[in-house]
There are 2 protein chains.
Amino acid sequence: MDVLVPSPSQAPSQPRSALQAQAAGLLPAQAPELLQASPNGLRASLHDRGQRLTPQRQRVLGLFEGLGEGRHLSAEEVHQRLLGAQARVSLATVYRTLRLLSSMGLLQELELPEGGRRFELAGDAHRDHHHLVCVRCGRTEEFENPAILAAGEAAASGHGFRLVECVLNVRALCPGCVAAERA
Amino acid sequence: MDVLVPSPSQAPSQPRSALQAQAAGLLPAQAPELLQASPNGLRASLHDRGQRLTPQRQRVLGLFEGLGEGRHLSAEEVHQRLLGAQARVSLATVYRTLRLLSSMGLLQELELPEGGRRFELAGDAHRDHHHLVCVRCGRTEEFENPAILAAGEAAASGHGFRLVECVLNVRALCPGCVAAERA
DNA sequence: ATTCATGCAAATTTTTTGCATGTTC
DNA sequence: GAACATGCAAAAAATTTGCATGAAT
């Protein structure tokens with residue numbers, strides 16, 4: 001019963017709705033020793049901890065993989081999307097899976113003021129994408145800066161930790177809101 | 001029906017229970033133009049937006065100020081602590097206040113894997129304290145690095161934003177967990 | 001005085017759990 | 001075949017809201 005494919009019985013020939021497709025396209029070799037979010041990585045990770053590889057777990061993680069890194073989902077959204085994708089996963093299981101995958105470091109919980117916990121893929125350890133968020137209107141920009149990654153690595157190794165990922169959260173006022181504040 | 005509580009001006013002459021005291025002691029001059037979390041800053045901020053300065057709001061913010069920057073609280077905890085500090089603030093009001101102060105940028109929400117939303121003071125714009133968190137056991141270390149602040153400022157101004165605060169979140173495996181993973 | 005915030009309790013929403021059953025190892 | 005994950009529905013949290021009253025400007 002080895003399972004290397006998306007799922008045993010559920011979505012064998014469907015168009016994959018661009019989700020899986022995109023996921024596949026987005027996973028070129030990156031940081032070999034830290035690439036752990038691929039199906040294989042999932043298998044390995046689960047197995048290492050004596051956890052089982054179920055279609056539900058694969059679907060949840062697959063969903064995040066198909067999302068691109070910028071996006072995040074709440075438990076409810078994960079549930080809805082899976083339903084829409086013909087993948088029946090109970091909300092309770094979504095919660096259980098989200099917790100499991102987070103505790104394994106495959107997903108990470110985010111800090112957004114949107115209400116409800118949100119999760120995103122935590123795979124690309126050495127990718128450097130950071131967030132610039134307007135504290136007033138919520139407008140969000142992404143940016144990169146190698147210096148940040150370097151700082152994260154320095155901090156990690158300085159404390160004897162092994163880096164998994166680092167994200168800089170910059171809270172600021174966007175131009176529009178600066179003006180508004182002033183008024 | 002009148003409320004059963006003491007009354008109008010709740011804690012006028014009480015000992016301030018170390019919270020307020022500590023808060024006061026912890027607010028030396030820092031970044032003059034951005035120091036907005038002090039009582040004065042609160043007054044100004046509230047006033048600017050046509051919001052009222054109520055004892056409840058002051059207490060909630062005061063509580064965070066007395067905490068030091070490293071710590072964060074959930075709504076429930078805020079409520080409990082205020083009760084313990086002889087400051088009666090209903091849970092509903094705690095929630096409303098937390099939301100208000102967050103939307104004003106005085107507090108910020110963070111989402112740690114601990115369950116429940118948590119908030120922390122978001123005042124010291126130019127302070128640079130960042131987090132190194134073990135994704136497996138939750139162990140947390142704090143560290144500083146001016147380069148990070150610089151990167152945040154660069155990103156902000158590069159997009160025309162005005163920096164409020166930036167925090168680097170480094171997710172990693174602590175030494176103990178690296179060993180455990182290996183096992 | 002007027003307008004808005006608070007407290008209370010009820011309504012909602014979010015997250016967790018118990019158990020019987022279906023799956024993974 | 002044994003151990004464990006899932007689904008369902010109920011339970012427990014967490015968060016929001018309606019309203020009458022109290023307080024801030």
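So you know, we letter chains A, B, ... as the sequences are listed, proteins then strands, and number each from 1.
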Quiz item: Rounded to whole angstroms, how far apart are CZ on B:Arg117 and P on C:dT13?
Solution: 13 Å
Exercise. Without swapping roles, check the side chain of B:Thr93 against the backbone of B:Val89 for a donor-acceptor pair under 3.5 Å.
Key: no
Quiz item: How long is the line joining CZ of A:Arg99 and P of C:dT14, in whole Å?
Solution: 17 Å
Self-check item: Closest-nucleotide ordering on DNA chain C, the 5'-leading residue of B:Leu91 and A:Glu76
Solution: B:Leu91
Quiz item: Any idea which heavy atoms bring B:Phe64 and B:Leu98 closest together, and the distance?
Solution: CE1-CD1, 3.9 Å
Quiz item: Tell me: CZ of A:Arg59 to P of C:dT24, nearest whole Å?
Solution: 10 Å
Exercise. Provide, to the nearest angstrom, the distance between the CZ atom belonging to A:Arg88 and the C1' atom belonging to C:dT23.
Key: 18 Å
What protein N or O atoms touch nucleotides 9-11 of chain D N or O atoms at under 3.5 angstrom, if any, and at what distances?
none

Practice problem: Provide, to the nearest angstrom, the distance between the CG atom belonging to A:Leu53 and the C1' atom belonging to D:dT6. | Solution: 14 Å
Quiz item: Rounded to the nearest 0.5 Å, how far does CD of B:Glu144 lie from NE2 of B:His130?
Solution: 7.5 Å
Quiz item: With sequence neighbours left out, what residues match A:Arg52 under side-chain contact (heavy atoms from CB on, under 4.5 Å)?
Solution: A:Thr54, A:Arg57
Exercise. Go through B:His131 and B:Leu168 one step at a time and tell me if the side chain to side chain contact (heavy atoms under 4.5 Å, CB included) criterion holds.
Key: CA-CA 6 Å; B:His131 300 284; B:Leu168 181 63; over 6 Å; no
Quiz item: What integer distance in Å separates A:Leu73:CG from C:dT14:P?
Solution: 14 Å
Exercise. Could you tell me the separation between the NE2 atom of B:His79 and the P atom of D:dA13, rounded to a whole number of Å?
Key: 16 Å
Exercise. Compare all side-chain heavy atoms of A:Glu120 with those of A:Leu73 and state whether any distance is below 4.5 angstrom.
Key: no
Quiz item: With A:Arg139, which residues qualify under side-chain contact (heavy atoms from CB on, under 4.5 Å), at least two apart?
Solution: A:Cys134, A:Cys137, A:Glu141, A:Cys174, A:Pro175, B:Phe161
Quiz prompt | From CG (A:Leu107) to CZ (A:Phe119), nearest 0.5 Å | solution = 7.5 Å
Quick test: give all pairs of protein nitrogen or oxygen and nucleotides 2-5 of chain D nitrogen or oxygen below 3.5 Å, distance rounded to 0.1 Å.
unit_1	atom_1	unit_2	atom_2	d
D:dA3	N3	A:Arg52	NH1	3.1
D:dA3	N3	A:Arg52	NH2	3.4
D:dC4	O4'	A:Arg52	NH1	3.0
D:dC4	O4'	A:Arg52	NH2	3.2
D:dA5	OP1	A:Gln51	OE1	3.0
D:dA5	O5'	A:Arg57	NH2	3.4

Practice problem: Starting at atom CG of A:Leu82, determine the distance to atom P of D:dG7, rounded to an integer number of angstrom. | Solution: 10 Å
Quiz item: Is the side chain of B:Ser103 donor-acceptor paired with the backbone N or O of B:Leu100 at a distance under 3.5 Å, no angle test?
Solution: yes
Quiz item: If an axis is fit to five pairs at each end of the helix from C:dA1-D:dT25 to C:dC25-D:dG1, what is the angle between the two, to the nearest 10°?
Solution: 60°
Practice problem: For A:Gln80, check side-chain contact (heavy atoms from CB on, under 4.5 Å) against everything at least two apart and list the hits. | Solution: A:Glu76, A:Leu83
Self-check item: Interatomic distance, B:Leu163 atom CG to B:Leu149 atom CG [nearest 0.5 angstrom]
Solution: 6.5 Å
Practice problem: Ignoring backbone atoms, test whether A:Tyr95 places a side-chain nitrogen or oxygen under 4.0 Å from the OP1 or OP2 oxygen of C:dT15. | Solution: yes
